[in-house]
A.B. asks: 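Sharing a structure, written as structure tokens. Questions coming.
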Amino acid sequence: MSRDYDHKAIEKKWQKIWAEESVYKVEDTVPGKDNVCVLVELPYPSGNLHVGHWYAFAVPDIFVRFKRMTGHNALYPIGFDAFGLPAENAAIKHAVNPREWTEENIKTMRAQLEAMGNSFDWSRSFATCTPEYYRWNQWIFNRFFERGLVYRKKVPVNWDPIDQTVLANEQVLPDGTAERSGAKVEKKDLDQWMFRITKYAERLLKNLDALSWPESIKELQRTWIGKSEGAEIEFAVVGTEHKINVFTTRPDTLFGVTYMVLAPEHPLVARLSYENKDEVSAYVAAARLKSEIDRTAAGKEKTGVRLQGVMALNPANNQEVPVFIADYVLASYGTGASMAVPAHDERDFAFAKKFNVPIVQVIVPCSDDPINPPKNGLEEIERETIIVFLKNKATGLYALLDWHGSLEGITTGIMGGVEDGQTPEEAVLAEIQEEAAIPDAVVTRKLKWVTAARYCASHKNQNRKAIAHAFLAEIEDLSQQGTIPESEAKTHTLTWVDESKVRDCLVPIHQKMIWDQFKEEKVLTEGGFLMNSGKFNGASSEDAKSRITEFVGGRMATTYKMRDWSISRQRYWGTPIPIVYDPEGTAHPIPDEHLPWLLPTDVDYNPKGTSPLGSSKELFERTERIFGKGWKPEVETMDTFMDSSWYFLRYLDSRNEKEFSSRDKQEQWMPIHTYFGGAEHTTVHLLYSRFFQMALYDLGLVTVEEPYTRRFNRGLIVNEDGSKMSKRTGAVNPDEQVAIVGADAVKMYLAFMGPYGVTGNYPWNPGGVVGVRRFLERVWGLAEKVVEDAREMIEAPLHQTIKKVGEDIEAFKFNTAISQMMIFVNAVEKEGDLGRAQYEVLLRLLAPFAPHITEELWHRLGHTGSIHLEAWPVYNPDRLTSETVTMAVQIDGKTKGTLTVSRGLTEEAVLAAVREDAKLAQYIAKFPSRVVFIPDKVINIVP
RNA sequence: GCCGGGAUGGCGUAAUGGUAGCCGCGCACGACUCAAAAUCGUGUCCCGCAAGGGGUGAGAGUUCGAGUCUCUCUCCCGGCACCA
């Protein structure tokens with residue numbers, strides 16, 4: 001497969017020349033050009049490049065090269081995320097030095113990356129495991145420490161009792177055993193250095209709204225942050241000084257509390273006295289042994305133990321309720337304690353059923369959500385009864401419109417109102433009683449007319465939709481005017497009442513309905529109106545939340561699912577945490593002047609119950625030498641996510657020995673124009689780095705609050721059969737592919753197989769690569785067909801191609817951009833030859849996709865400069881179109897044929913052409929027509 | 001369970017509400033060849049000899065016209081998941 005297109009020689013030749021001539025070295029400023037930094041997640045130097053790396057690095061390079069050709073100063077940096085577990089594992093397994101192992105891998109990998117032919121600026125590259133880099137990790141740690149963003153806390157870690165070591169989550173198998181030793185992993189509390197990321201939870205959440213990222217990514221982050229608004233309320237423990245502080249999102253259900261639950265790890269469990277001490281201790285011990293998965297699997301049978309003799313006082317109604325410990329309450333969320341309302345919470349309900357705790361209903365469900373009405377058993381619309389109220393938007397008052405057993409009733413029954421001598425309440429109750437006489441009537445009600453109408457509109461019975469729409473329109477008018485139409489006014493009057501009156505009428509019916517449901521053991525988790533709640537009866541859930549919280553002396557509170565970030569690792573191959581302990585054991589940050597605080601080399605990597613750094617004599621001697629006798633170093637290292645939280649800032653100023661990244665350089669490059677990465681980093685890495693940027697922003701060390709203007713997650717390349725690439729299922733070896741078809745073809749095929757930035761699985765199709773290679777060979781072959789003068793017939797396709805390729809690259813639709821170039825080449829081959837200028841345009845369009853072959857062909861045309869420094873072709877809007885167009889001829893919306901006519905024809909002219917068409921004429925002859933005419937596209941002749 | 005995103009030929013995919021299936025793969029036939037590969041050409045959604053008809057997960061709606069917009073449902077993928 002080649003003709004004389006020798007990809008091996010060409011690629012090698014140009015990569016060498018590009019490097020020698022520093023074609024891709026990027027200056028910080030270029031007069032007249034905007035700076036654009038395109039970021040890709042820096043790779044871990046595993047030592048072997050796979051197709052995923054190609055997809056991650058080679059495809060965004062198309063975008064970067066395009067930006068450069070369209071007049072931008074585009075930076076495409078690359079580095080190595082070089083700390084981490086694999087190096088340490090290799091050290092233990094093969095007795096090699098982690099640094100040597102890593103450096104060796106970086107060397108291999110850099111060569112592989114260079115062979116891709118990307119326009120990386122290697123002059124800014126670094127590895128995070130060098131002191132030149134990690135000293136700034138330590139420096140930033142110090143700044144965070146000063147700012148109160150660092151603290152020490154006992155946190156449960158995975159503990160391997162055989163190897164006597166802490167395990168990373170990825171070293172624990174799904175069944176809860178250790179990957180290496182096979183031991184059952186336990187939880188053990190260790191003091192850890194923490195970053196107070198939760199302090200930024202609200203800002204991390206709020207800023208998302210303004211970011212123009214894909215909504216799906218933002219939504220994942222929102223879920224991860226997991227904001228909940230509610231209240232903290234204290235329950236006194238009867239006969240003691242102790243209080244149980246709970247977080248709840250439903251303070252409106254406080255009167256329905258029938259028991260309390262503490263997490264097994266809750267500090268009060270140790271302090272309270274209860275009769276069944278042994279039983280409780282056993283439960284707590286068992287909970288500690290359980291793996292995270294065992295404990296948190298949803299739908300799992302509830303377990304727990306009652307603290308015999310301990311009672312808590314419900315501050316709302318002064319009732320005493322029992323106290324349990326149960327592992328369905330998590331120590332790490334909220335306050336680690338929960339008030340249980342079994343009538344209105346699924347988990348509490350299941351627990352109450354099992355432990356025979358009373359269930360007290362305090363909410364009458366009624367959704368105020370106009371889109372999602374409660375689904376209270378309304379299976380058949382014929383059986384549905386709806387009370388409709390009209391709300392006057394001006395006054396906020398309501399009038400009863402109707403109460404009927406069918407939808408048809410609603411449309412005709414704008415009647416309601418109040419008869420002579422009746423109060424509004426009596427009017428409603430009279431209607432209710434009338435309705436109650438209908439046997440088996442299922443009752444619901446909506447406070448807002450919109451609800452009723454929309455519900456009907458969305459109901460299965462589609463034939464009724466039109467009725468509902470008519471109703472909606474009619475009611476909308478009424479709401480605007482606050483009156484009813486004259487036709488209705490003759491027979492009906494509207495009397496306006498406030499919302500509380502309406503509610504008072506309705507609560508009794510709903511109680512009946514709800515009790516019916518309880519027989520079927522349903523839990524009512526939605527909001528509504530209060531019952532069994534003393535003076536709050538009849539209040540809406542929303543109102544009651546704040547009123548009840550205030551009544552019992554609680555406070556409104558917000559909780560997040562996101563936890564603070566533990567950065568401590570009991571590992572060797574990472575950044576040493578810059579902390580030393582004085583002889584009393586107090587922690588002190590290591591002053592900046594002693595940074596970098598070097599990672600010692602005289603350590604034993606083998607697991608032995610403590611951090612490897614603890615075995616370094618040099619580290620301990622160094623500490624005493626600098627800080628004094630009895631001072632001890634911190635022996636933990638930092639989480640590698642620390643390295644990747646700010647690395648992009650270092651690219652901008654990677655050789656700066658005075659600053660981690662100068663504001664000056666940041667002004668020129670930040671924020672990052674586009675950040676391409678894997679979907680697996682949507683939450684953790686992306687949130688951590690946003691947190692870093694925000695915290696550094698508050699410290700005045702960075703210039704923007706949000707680091708990434710745009711973020712796109714790429715898809716996954718899978719095997720041809722759809723299986724994920726792995727050692728077991730096999731994987732495409734990119735080096736082999738490059739050897740066969742060349743780097744240009746591999747890169748272009750990856751760009752061609754589907755849209756970029758849309759997560760999904762894209763199967764590697766060996767035939768597909770060959771297809772792209774064939775295309776490149778055809779482009780190669782066109783060199784022989786070049787003539788001096790432009791060929792008129794391919795001018796329009798050429799300009800169309802310039803337009804589409806440019807627009808598609810900007811939108812990351814590389815697949816359709818390539819498709820358009822193929823269309824153009826097909827047209828050229830049909831034509832036979834092409835003008836030199838036309839060929840040069842094609843080569844420039846293709847250059848970002850296939851940098852080597854286009855560079856070669858460009859030089860063969862006699863050019864001496866690099867094609868990659870050329871300007872992007874500009875299309876002429878006047879040349880986009882050809883003289884004739886093919887129009888669709890439709891009869892009553894069905895396409896009956898096509899007609900090739902000259903561009904810009906009028907309706908009359910096209911109609912005339914249809915009449916003249918032997919085949920099409922028959923259709924119009926039949927009926928007198930109305931015509932829908934879309935110039936140059938379609939003519940639709942309607943009977 | 002909750003939150004996102006999908007569903008179009010044998011496959012990857014393409015279609016500002018306007019001829020569904022562009023482009024590529026695969027396949028079939030033909031040319032070149034002793035032959036094969038490569039290459040080139042023609043064809044390739046379904047039914048039908050044709051005329052014609054049907055077709056974008058299912059059903060309905062809006063529209064002159066729906067893959068595209070609205071609603072209901074099914075299935076698939078991803079994330080979260082005892083979060084009070």
Side-chain angles (χ1 to χ4, degrees), chain A residues 1-3 214-220 222-224 226 228 230 246-250 253 261 295-300 302 326-330 332-341 344-348 350-351 454 457-463 465-466 469 559-562 679-680 682-683 713 716 720 722 749 752-755 758-772 774-775 777-778 781 813 815-816 818-823 826 829 886-899 919 929-934 936-943:
Chain A
M1 96 164 49
S2 75
R3 308 193 188 184
E215 198 53 39
S216 57
I217 297 181
K218 294 205 277 186
E219 202 48 42
L220 281 177
R222 287 192 190 105
T223 311
W224 187 265
S228 279
V246 301
F247 172 77
T248 177
T249 54
R250 295 295 304 275
T253 63
V261 194
R295 268 189 68 165
T296 59
K300 190 199 70 160
K302 297 277 176 293
D327 64 6
Y328 80 89
V329 168
L330 309 174
S332 53
Y333 181 78
T335 60
S338 167
M339 62 177 224
V341 187
H344 304 294
D345 181 280
E346 299 272 1
R347 293 152 301 168
D348 296 345
F351 191 88
R454 288 213 184 143
S458 66
H459 200 274
K460 281 176 199 152
N461 195 334
Q462 292 291 332
N463 293 337
K465 193 177 166 184
H469 270 296
T559 297
Y560 301 88
K561 281 186 209 168
M562 187 170 68
E680 70 276 20
T682 304
T683 47
N713 289 348
L716 200 65
E720 199 181 3
Y749 172 63
F752 184 58
M753 64 201 308
V758 177
T759 51
N761 292 344
Y762 299 98
W764 178 277
N765 175 352
V769 196
V770 175
V772 171
R774 275 204 279 264
F775 169 72
E777 286 175 5
R778 287 161 67 201
K813 289 162 75 177
N815 53 337
T816 49
I818 293 168
S819 159
Q820 180 62 38
M821 288 186 281
M822 289 173 168
I823 291 169
N826 289 347
E829 288 186 337
T886 304
M887 287 186 67
V889 180
Q890 297 179 338
I891 305 298
D892 196 18
K894 288 199 194 307
T895 303
K896 294 291 182 185
T898 59
L899 212 53
K919 198 182 105 194
S929 306
R930 163 192 166 193
V931 176
V932 178
F933 180 74
I934 311 292
D936 296 341
K937 291 214 163 136
V938 70
I939 182 164
N940 186 7
I941 299 156
V942 188

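Numbers restart at 1 for each chain; the letters A, B, ... are given by sequence-line order, proteins then strands.
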A.B. asks: Who passes side chain to side chain donor-acceptor pair (under 3.5 Å) against A/Y762, sequence neighbours left out?
C.D. replies: none
A.B. asks: Which of the following nucleotides, B/G18, B/A14, B/C40, is nearest to the side chain of A/R778?
C.D. replies: B/C40
A.B. asks: Looking for any heavy atom pair under 4.0 Å, which part of the strands does A/G334 touch: base, sugar-phosphate only, or nothing?
C.D. replies: nothing
A.B. asks: Dump the pairs, protein N or O against N or O of nucleotides 26-29 of chain B, anything under 3.5 Å, distances to one decimal.
C.D. replies:
residue : atom : partner : partner atom : Å
B/G26   : OP2  : A/R774  : NH2          : 3.4

A.B. asks: Detail all sub-3.5 Å separations between protein N/O atoms and N/O atoms belonging to nucleotides 64-66 of chain B.
C.D. replies:
residue : atom : partner : partner atom : Å
B/C64   : O2'  : A/N940  : ND2          : 3.1
B/C64   : O2   : A/N940  : ND2          : 2.4

A.B. asks: Is there a Watson-Crick or G-U wobble partner for B/U63 with both distances under 3.5 Å, and if so, which one is it?
C.D. replies: none
A.B. asks: Considering residues at least two apart in sequence or located in another chain, which fulfil the side chain to side chain contact (heavy atoms under 4.5 Å, CB included) criterion with A/P763?
C.D. replies: A/V718
A.B. asks: Test of understanding: with side chain to side chain contact (heavy atoms under 4.5 Å, CB included), list the residues that count as partners of A/S228, not counting sequence neighbours.
C.D. replies: A/F247, A/T249, A/Y333
A.B. asks: Counting heavy atoms from C-beta on, name the nucleotide in B/G12, B/A84, B/C82 closest to the side chain of A/Y333.
C.D. replies: B/A84
A.B. asks: Let's see if you can work this out: which of B/C83, B/G12, B/C23 has an atom nearest to the side-chain heavy atoms of A/M753?
C.D. replies: B/G12
A.B. asks: What nucleotide, of B/U16, B/A84, B/G12, holds the atom closest to the side chain of A/K937?
C.D. replies: B/U16
A.B. asks: Is there a side-chain contact between A/K896 and A/Q890, using heavy atoms and a 4.5 Å cut-off?
C.D. replies: no
A.B. asks: Nearest of B/C23, B/G53, B/A84 to any side-chain atom of A/K896?
C.D. replies: B/G53
A.B. asks: May I ask you to say whether A/R222 pairs ionically with A/E219, meaning some side-chain N is under 4.0 Å from a carboxylate O?
C.D. replies: yes
A.B. asks: State whether A/Y328 and A/K302 meet the cation-pi test: NZ (Lys) or CZ (Arg) under 6.0 Å from the six-membered ring centroid, and within 45° of the perpendicular axis.
C.D. replies: yes
A.B. asks: Tell me what A/A337 touches on the nucleic acid: a base, only sugar-phosphate, or nothing, going by heavy atoms under 4.0 Å.
C.D. replies: base
A.B. asks: Could you check whether A/K218 gets within reach of a base, just the sugar-phosphate, or nothing at all, counting any heavy atom under 4.0 Å?
C.D. replies: nothing
A.B. asks: So which nucleotide from B/A84, B/U19, B/G12 ends up closest to the side chain of A/Y762?
C.D. replies: B/G12
A.B. asks: For B/A84, give its Watson-Crick or G-U wobble partner with both distances under 3.5 Å, or none.
C.D. replies: none
A.B. asks: Please work out if A/T886 contacts a base, only the sugar-phosphate, or nothing of the nucleic acid, heavy-atom cut-off 4.0 Å.
C.D. replies: base
A.B. asks: Which way is the base of B/G9 turned, syn or anti, if we draw the line at 90° from 0?
C.D. replies: syn
A.B. asks: Hey, does A/T898 reach any base, or is it just sugar-phosphate, or nothing, if we go heavy atoms under 4.0 Å?
C.D. replies: base
A.B. asks: If you pin A/E219 and A/S228 to their nearest nucleotides in RNA chain B, which one's is more 5'?
C.D. replies: A/E219
A.B. asks: So, using side chain to side chain contact (heavy atoms under 4.5 Å, CB included) as the criterion, who are the partners of A/A679 when residues are at least two apart?
C.D. replies: A/T682, A/N713, A/T759
A.B. asks: Is any side-chain N of the basic residue among A/K894 and A/D892 closer than 4.0 Å to the acidic one's carboxylate O?
C.D. replies: no
A.B. asks: Just checking A/F247: base, sugar-phosphate only, or nothing, at a heavy-atom cut-off of under 4.0 Å?
C.D. replies: base
